[in-house]
Amino acid sequence: MKDWGLREVEPGTTILDLLREIGGKLAKEALAAKIDGKVIDLNTPVYNDLELAVLTFDDPEGMQVYRHTASHVLAQAVKNLYGNVRLGIGPAIRDGYYYDFDFDRPISPEELTKIEEQMRLIIKEDLPLERIELDREEAIGLFSEMGEKYKVELVEGLDESSTISCYRQGDFIDLCAGPHLPSTGKLKAIKLLNLAGAYWRGDERRPMLQRIYGTAFPKAKQLEEYLQRLEEAKKRDHRRLGRELDLFSFREEGPGFPFFHPKGIIIRRELENFWREEHRKAGYLEIETPVILNRQLWEQSGHWDHYQENMYFTKIDEQDYAIKPMNCPGAMLIYKSGMYSYRDLPLRLAEMGLVHRHEKSGTLHGLMRVRSFTQDDAHIFMLPEQIEDEVAGVIDLVNHFYDVFGFKYLVELSTRPEKSMGSDEMWEKATAALHNVLIKKGIPYTINEGDGAFYGPKIDFHLQDSLGRTWQCGTIQLDFQMPEKFDLHYIAADGQKHRPAMIHRVVYGAMERFIALLIEHYAGAFPLWLSPVQVSVIPITERQHEYAAGISKRLQKDSIRVELDNRNEKVGYKIREAQVKKVPYMLIVGDREAADGTVSLRQREKGDLGPVLLENFIEKIKNEIQQKTK
RNA sequence: GCUCACGUAGCUCAGGAGGCAGAGCGUAUCCUUGGUAAGGAUAAGGCCACCGGUUCGAAUCCGGUCGUGAGCUCCA
């Protein structure tokens with residue numbers, strides 16, 4: 001923030017006037033101001049001494065004000081075009097803004113163009129935004145008269161004592177805390193992006209409104225760049241790359257049930273191998289539990305009461321069974337099959353468990369959200385005093401894994417949900433334990449109130465997809481319930497039975513989701529160790545087919561995943577294809593290479609690297625695979 | 001599950017006032033044997049998602065079902 005020194009002005013001068021007086025680009029670029037940490041309108045008059053910071057589009061708060069005003073312009077445009085429409089809410093969000101409308105008749109996406117044109121007219125008029133403060137009764141009266149029932153509801157929900165503010169631009173007035181741009185003319189590059197449904201106040205029992213999403217930038221170039229980024233993100237979409245790279249598919253015969261193709265399975269198995277290795281090192285033992293288990297077990301675990309709508313059922317010999325939606329009850333039974341001393345704890349039982357959940361049809365999303373998936377699960381049974389160490393250990397493990405892939409993640413601590421089991425005391429104890437570890441480790445996190453599992457609070461690790469949407473992957477869930485329900489115990493030093501504590505945890509989360517995120521993260525160009533095809537051998541003419549086949553066999557002998565492209569095509573064509581399929585290494589062999597036992601090496605990112613001896617290449621690639629570096 | 005939109009060849013998509021189904025990529029065969037991101041020719045490939053209605057006649061119009069997309073709700 002620049003320092004413009006001290007200024008003295010007539011009382012009542014607005015901040016905008018003040019900035020104009022200072023001159024330069026300031027007045028033009030300013031969007032809002034900040035006084036004592038509070039963001040305010042540039043139209044605010046100044047009466048006392050104060051320290052002022054100017055917000056531009058480069059400040060997140062400035063950007064928010066800019067887009068929030070754009071949402072008001074959107075609402076005004078819609079009001080102008082469709083007289084009979086009730087307004088919902090219209091905030092600024094990441095990358096833009098939206099506004100919710102209750103139309104008499106749903107509008108179609110084509111109409112967005114028309115609305116956008118109307119918005120441009122409003123911007124051109126350069127209408128000043130005026131802040132109006134009223135009391136509760138006045139506000140309710142005003143919005144009732146306008147037939148804005150949602151606004152009336154909002155006002156009624158506001159604190160008795162709070163001042164209610166509205167913003168007016170031309171003949172459009174909206175309930176709003178502000179702040180806003182001084183006038184609509186400040187808006188430059190605007191664009192409406194899409195149309196979707198959204199429940200009023202996010203409640204599925206309430207009416208569904210139509211939400212219009214848009215964005216706005218001060219410069220046309222910025223808007224173009226943003227749209228360009230969206231296009232680029234679409235190219236990284238795992239559903240598209242999954243098809244192009246022949247990794248997996250979905251069919252109408254099994255909505256939400258993915259089919260993994262040979263190339264997709266390679267990635268999956270590599271991830272599993274890595275997982276097994278790291279878990280062995282971290283002191284886990286691997287187990288496997290059945291997919292179908294008796295109803296009585298699910299009643300005992302609480303799933304029958306708390307998770308039924310997400311479960312699939314079947315009958316065997318007239319008996320009710322359920323397809324497991326979680327692996328925990330199975331792990332409980334394994335624990336129960338033996339006797340444990342306190343010296344045996346912590347006992348870490350890991351399971352690549354295939355679970356099925358009946359997710360609502362509208363929530364399915366490629367591999368990110370499916371109805372059958374494999375969790376890289378583990379249940380840690382431990383002494384109460386081992387809880388914090390074990391939670392910390394899992395956090396370290398998650399950290400290590402995500403580091404290998406170069407993922408940045410967001411951490412959330414989720415607390416007790418409404419639908420849950422156990423005493424308040426248990427919940428408090430468990431939540432405090434998770435909280436402590438996060439504090440001790442200095443991990444930044446946000447609290448997600450009421451979003452815990454029905455049996456305990458949890459720490460979640462979220463990863464971002466190509467469009468910046470976040471997906472929960474790793475999770476650590478503390479559970480005092482299951483050990484209770486299943487009457488688990490261990491023999492302590494006092495020779496008596498005691499109750500162990502338990503952690504449910506996953507690192508990848510679900511293999512399917514994690515693979516989806518990896519695809520988007522790498523844009524399909526997997527690091528060598530994960531690449532379904534690591535090397536493509538490309539003979540230039542038929543004369544080298546034999547030599548090329550020998551190379552291919554030689555690589556295969558060392559478990560290198562190689563494809564021999566001896567199709568009747570030119571080198572350029574074959575190289576292009578290997579490049580499009582994101583194969584890390586291409587070995588081009590012509591007469592020269594065949595004569596001196598070399599290969600011409602081409603790397604996916606670096607291009608032609610010239611000839612190398614085959615054995616040297618093999619040594620290099622084996623080393624790189626082992627290192628798991630790019 | 002809800003709102004809106006969409007469903008035509010393996011993929012990307014044209015077409016459609018109701019009257020014999022189209023392109024590019026990919027695939028197959030042939031020609032070409034070419035040195036670092038697309039050589040040429042020919043051919044195969046479709047119950048226009050499914051079920052019903054309107055009509056002499058439906059890929060096209062109408063209704064329903066299923067699936068997909070964006071978002072909401074819900075969650076790894």
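Letters go in sequence order (proteins before strands), and every chain restarts at 1.
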Asker: Considering every strand and a 4.0 Å limit on heavy-atom distances, what is the contact class for A/Met368: base, sugar-phosphate, or nothing?
Answerer: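 Contact class for A/Met368: base.
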Asker: Please find the pair of heavy atoms, one from A/Lys582 and one from A/Ala525, that lie closest to each other, and give the distance.
Answerer: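 In this case the closest contact between A/Lys582 and A/Ala525 is CD-N, 3.7 Å.
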Asker: Is it true that atom CD of A/Glu546 has more than 12 heavy atoms of other residues, nucleotides or ligands lying nearer than 6.0 Å?
Answerer: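 Atom CD in A/Glu546 is not crowded, with 12 or fewer foreign heavy atoms closer than 6.0 Å.
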Asker: If pairing requires Watson-Crick or G-U wobble contacts with both distances under 3.5 Å, which nucleotide is the partner of B/G69?
Answerer: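 Pairing partner, where one exists within any strand: B/C4.
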Asker: Determine whether the aromatic ring centres of residues A/Phe313 and A/His358 are separated by less than 6.0 angstrom.
Answerer: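 Distance test on ring centres: not under 6.0 Å, no.
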Asker: Tell me what A/Arg239 touches on the nucleic acid: a base, only sugar-phosphate, or nothing, going by heavy atoms under 4.0 Å.
Answerer: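 Sugar-phosphate, backbone atoms only, no base.
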Asker: Would A/Phe103 and A/Phe101 count as a close aromatic pair, with their ring centres under 6.0 Å?
Answerer: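 They qualify: ring centres under 6.0 Å apart.
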Asker: Provide the Watson-Crick or G-U wobble partner of B/U33, both distances under 3.5 Å; none if there is no partner.
Answerer: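 When the pairing criteria are applied, nothing turns out to pair with B/U33, so the answer is none.
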Asker: If you compare every side-chain N and O of A/Gln477 against the phosphate oxygens of B/A76 (OP1, OP2), does one of them come in below 4.0 Å?
Answerer: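 A/Gln477 to B/A76 OP1/OP2: side-chain N or O found under 4.0 Å.
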Asker: Does either side chain, that of A/Thr113 or that of A/Glu110, offer a donor lying less than 3.5 Å from an acceptor on the other one?
Answerer: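 The criterion, which ignores hydrogens and geometry beyond distance, is not satisfied for A/Glu110 and A/Thr113.
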Asker: When rounded to the nearest Å, what value does the distance between P atoms of B/C30 and B/G35 take?
Answerer: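 After rounding to an integer number of Å, I get 23 Å for this pair.
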Asker: Report yes if a side-chain nitrogen or oxygen of A/Arg469 is closer than 4.0 Å to either non-bridging phosphate oxygen (OP1 or OP2) of B/A70; otherwise report no.
Answerer: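 Yes, A/Arg469 has a side-chain N/O under 4.0 Å of OP1/OP2 on B/A70.
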Asker: Determine the contact category for A/Arg357: base if any of its heavy atoms lies under 4.0 Å from a base atom, sugar-phosphate if only primed atoms, P, OP1 or OP2 are that close, otherwise nothing.
Answerer: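 Base, at least one base heavy atom under 4.0 Å.
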Asker: If I pick the C1' atom on B/G52 and the same atom on B/G19, what distance separates them, to the nearest angstrom?
Answerer: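 One C1' to the other, the span is 22 Å.
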Asker: Find the distance A/Tyr213:OH to B/U3:P and express it as a whole number of Å.
Answerer: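 Going from A/Tyr213 (OH) to B/U3 (P), I get 17 Å.
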Asker: Which sits closer to the 5' end of RNA chain B, A/Arg576 or A/Arg592, going by the nucleotide each is nearest to?
Answerer: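 With A/Arg576 and A/Arg592 compared, the 5'-side residue is A/Arg592.
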Asker: Is it the case that B/G35 (base atoms only) and A/Glu593 (side chain only) share a donor and an acceptor within less than 3.5 Å, ignoring hydrogens and angles?
Answerer: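 Present.
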Asker: So does A/Ser600 reach the base of B/U36 with its side chain, donor to acceptor, closer than 3.5 Å?
Answerer: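 Per atom types, the contact qualifies.
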Asker: Under 4.0 angstrom, heavy atoms only, what part of the nucleic acid is A/Gly509 near: base, sugar-phosphate, or nothing?
Answerer: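 The residue A/Gly509 makes no contact with any strand.
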Asker: Once you round it to whole Å, what is the distance between P of B/C11 and CD of A/Glu577?
Answerer: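 In whole Å, B/C11 P lies 17 Å from A/Glu577 CD.
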Asker: Could you give the distance separating B/C20 and B/A59 at their P atoms, to the nearest angstrom?
Answerer: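 About 11 Å, rounded to a whole number of Å.
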Asker: What verdict does the salt bridge (Lys or Arg N to Asp or Glu O under 4.0 Å) test give for A/Arg206 and A/Glu153, after you've listed the backbone C-alpha separation in whole Å, the side-chain angles of each residue and the deciding distance to 0.1 Å?
Answerer: CA-CA 13 Å; A/Arg206 313 205 59 181; A/Glu153 192 184 320; 2.9 Å; yes
Asker: Figure out the NZ/P separation between A/Lys574 and B/G39, and round it to whole Å.
Answerer: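 Distance, rounded to whole Å: 12 Å.
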Asker: So what does A/Val571 hit on the nucleic acid, given a heavy-atom distance under 4.0 Å: a base, only sugar-phosphate, or nothing?
Answerer: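 The answer is sugar-phosphate, as A/Val571 gets under 4.0 Å only of primed atoms, P, OP1 or OP2.
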Asker: For B/A38, does either OP1 or OP2 sit under 4.0 Å from a side-chain N or O belonging to A/Arg567?
Answerer: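 Answer no for this pair, as no side-chain N or O of A/Arg567 is under 4.0 Å from OP1 or OP2.
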Asker: Relative to the ring of A/His238, is the ring of A/His365 parallel (under 30°), tilted (30 to 60°) or perpendicular (over 60°)?
Answerer: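 The rings of A/His365 and A/His238 sit tilted, inter-plane angle from 30° to 60°.
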Asker: Ignoring backbone atoms, test whether A/Lys458 places a side-chain nitrogen or oxygen under 4.0 Å from the OP1 or OP2 oxygen of B/A76.
Answerer: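 So the side chain of A/Lys458 is within the cut-off, an N or O lying under 4.0 Å from OP1 or OP2 of B/A76.
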Asker: Decide whether A/Gln477 and A/Tyr455 meet the rule of one side-chain donor and one side-chain acceptor closer than 3.5 Å.
Answerer: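 A donor-acceptor contact under 3.5 Å links the two side chains.
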Asker: Using the C1' atoms only, state how far B/A76 lies from B/C66, rounded to an integer number of Å.
Answerer: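 26 Å, rounded to whole Å.
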Asker: Base, sugar-phosphate, or nothing for A/Gly362, non-hydrogen atoms under 4.0 angstrom?
Answerer: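 The residue A/Gly362 makes base contact.
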Asker: Determine the contact category for A/Val355: base if any of its heavy atoms lies under 4.0 Å from a base atom, sugar-phosphate if only primed atoms, P, OP1 or OP2 are that close, otherwise nothing.
Answerer: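 Counting heavy atoms under 4.0 Å across all strands, no contact is made by A/Val355.
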Asker: C1' atom, B/A21 versus B/U65: distance in rounded Å?
Answerer: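 So the two C1' atoms sit 26 Å from each other.
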Asker: Suppose you measure atom P in B/C2 against the same atom in B/C61; what distance do you get, rounded to whole Å?
Answerer: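 Per the computed distance, 25 Å lies between those P atoms.
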Asker: Is the ring centre of A/Phe373 under 5.5 Å from the base ring centre of B/A76, and are the two planes under 30° apart, so that they stack?
Answerer: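 Check passed, A/Phe373 stacks on base of B/A76.
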Asker: Send over the distance from A/Asp377 CG to B/C75 P, rounded to a whole Å.
Answerer: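 It works out to 18 Å between those atoms.
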Asker: Students often get this wrong, so: under 4.0 angstrom with heavy atoms, is A/Asp203 touching a base, only sugar-phosphate, or nothing?
Answerer: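 The answer is nothing, as A/Asp203 stays clear of every strand by at least 4.0 Å.
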Asker: Give A/Arg602 one of three labels, base, sugar-phosphate or nothing, depending on what nucleic acid heavy atoms sit under 4.0 Å from its own.
Answerer: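 The answer is base, as A/Arg602 lies within the cut-off (heavy atoms under 4.0 Å) of a base atom.
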Asker: Going by modelled atom types, is there a donor-acceptor pair between the base of B/C11 and the side chain of A/Arg243 at under 3.5 Å?
Answerer: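 Counting by modelled atom types and ignoring angles, no donor-acceptor contact under 3.5 Å is found here.
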Asker: Look at the side chain of A/Tyr199 against the base of B/G1 and say whether a donor-acceptor pair falls under 3.5 Å; ignore hydrogens and angles.
Answerer: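 Check passes, donor-acceptor contact within cut-off.
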Asker: Out of B/U68, B/G1, B/C4, which has the shortest distance to the side chain of A/Pro255?
Answerer: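 Looking only at heavy atoms from C-beta outward on A/Pro255, the closest nucleotide is B/U68.
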Asker: So what's B/C74 paired with, Watson-Crick or G-U wobble, going by both distances under 3.5 Å?
Answerer: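 Pair assignment: B/C74 / none.
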Asker: Might you list the N or O atoms of the protein lying below 3.5 Å from N or O atoms in nucleotides 43-46 of chain B, with each pair's distance?
Answerer:
none

Asker: Over how many whole Å does the gap from A/Asn194 atom CG to B/C72 atom P extend?
Answerer: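 From A/Asn194 CG to B/C72 P: 10 Å.
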Asker: Compare every heavy atom of A/Val85 with every heavy atom of A/Glu148, then report the nearest pair and how far apart it is.
Answerer: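 A/Glu148 and A/Val85 have their closest heavy atoms at OE2-O, 3.9 Å.
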Asker: Check the distance between B/C11's P and A/Phe250's CZ and give it to me in whole angstrom.
Answerer: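 A/Phe250 atom CZ is separated from B/C11 atom P by 15 Å.
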Asker: Given that both distances must come in under 3.5 Å, which nucleotide forms a Watson-Crick or G-U wobble pair with B/C48?
Answerer: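 Pairing partner: none.
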Asker: A/Tyr573 side chain N/O closer than 4.0 Å to the phosphate oxygens (OP1, OP2) of B/G26?
Answerer: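 Yes, within the criterion.
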Asker: Could you tell me how far B/A14 sits from B/C48 if I compare only their C1' atoms? Round to whole Å.
Answerer: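 Straight-line distance between the two C1' atoms is 13 Å.
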Asker: Does A/Arg205 make a side-chain N or O approach to OP1 or OP2 of B/C2 shorter than 4.0 Å?
Answerer: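 So the side chain of A/Arg205 is outside the cut-off, no N or O lying under 4.0 Å from OP1 or OP2 of B/C2.
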Asker: Identify the nucleotide, in any strand shown, that forms a Watson-Crick or G-U wobble pair with B/U27, with both distances under 3.5 Å; if there is none, say none.
Answerer: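 Answer to the pairing question: B/A43, which forms a Watson-Crick or G-U pair with B/U27.
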Asker: Going by atom types alone, do A/Thr415 and A/Glu449 pair a side-chain donor with an acceptor below 3.5 Å?
Answerer: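 There is such a pair (donor and acceptor under 3.5 Å, judged by atom type) between the side chains of A/Thr415 and A/Glu449.
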Asker: Report yes if at least one side-chain N or O of A/Gln579 is closer than 4.0 Å to OP1 or OP2 of B/A37; otherwise report no.
Answerer: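 False: A/Gln579 side-chain N/O out of range (4.0 Å or more) of B/A37 OP1/OP2.
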Asker: For the salt bridge (charged side-chain N to carboxylate O under 4.0 Å, His left out) test, which of A/Arg240, A/Arg239, A/Lys235, A/Lys234 pairs with A/Asp237?
Answerer: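 The salt bridge (charged side-chain N to carboxylate O under 4.0 Å, His left out) with A/Asp237 is passed solely by A/Arg239 among A/Arg240, A/Arg239, A/Lys235, A/Lys234.
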Asker: Provide the distance between the two C1' atoms, one in B/U8 and one in B/C13, to the nearest whole Å.
Answerer: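 Pairwise C1' distance, B/U8 against B/C13, rounds to 9 Å.
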Asker: Under a 3.5 Å limit for both distances, which nucleotide forms a Watson-Crick or G-U wobble pair with B/A14, could you say?
Answerer: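 Its partner: none found.
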Asker: Using whole Å, what does the distance between atom C1' of nucleotide B/U3 and atom CD of A/Gln210 come to?
Answerer: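 Atom CD in A/Gln210 sits about 7 Å away from atom C1' in B/U3.
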Asker: Rounded to whole Å, how long is the line connecting atom CZ of A/Arg206 with atom C1' of B/U3?
Answerer: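 My rounded result for the distance is 17 Å.
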Asker: Give the nucleotide from the list B/U3, B/C75, B/A37 with an atom nearest to the side chain of A/Ile575.
Answerer: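 Between B/U3, B/C75, B/A37, the one nearest the side chain of A/Ile575 would be B/A37.
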Asker: Checking the side chain of A/Trp471 only, and the main-chain atoms of A/Phe514 only, is there a donor and an acceptor separated by less than 3.5 Å?
Answerer: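 No; zero donor-acceptor contacts below 3.5 Å.
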Asker: Which is more 5' along RNA chain B, the nucleotide nearest A/His365 or the one nearest A/Glu204? Just name the residue.
Answerer: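 Its nearest nucleotide being more 5', the pick is A/His365.
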Asker: Between B/C75 and A/Arg371, counting only base atoms on the nucleotide and side-chain atoms on the residue, is there a donor-acceptor pair under 3.5 Å?
Answerer: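 Between B/C75 and A/Arg371, which were checked side chain against base, a qualifying N/O pair under 3.5 Å is absent.
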Asker: Find the partner of B/C56: check Watson-Crick (N1-N3 plus N6-O4 or O6-N4) and G-U wobble (N1-O2, O6-N3) distances, both under 3.5 Å, and reply none if neither fits.
Answerer: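 Looking at the geometry, B/C56 pairs with B/G19.
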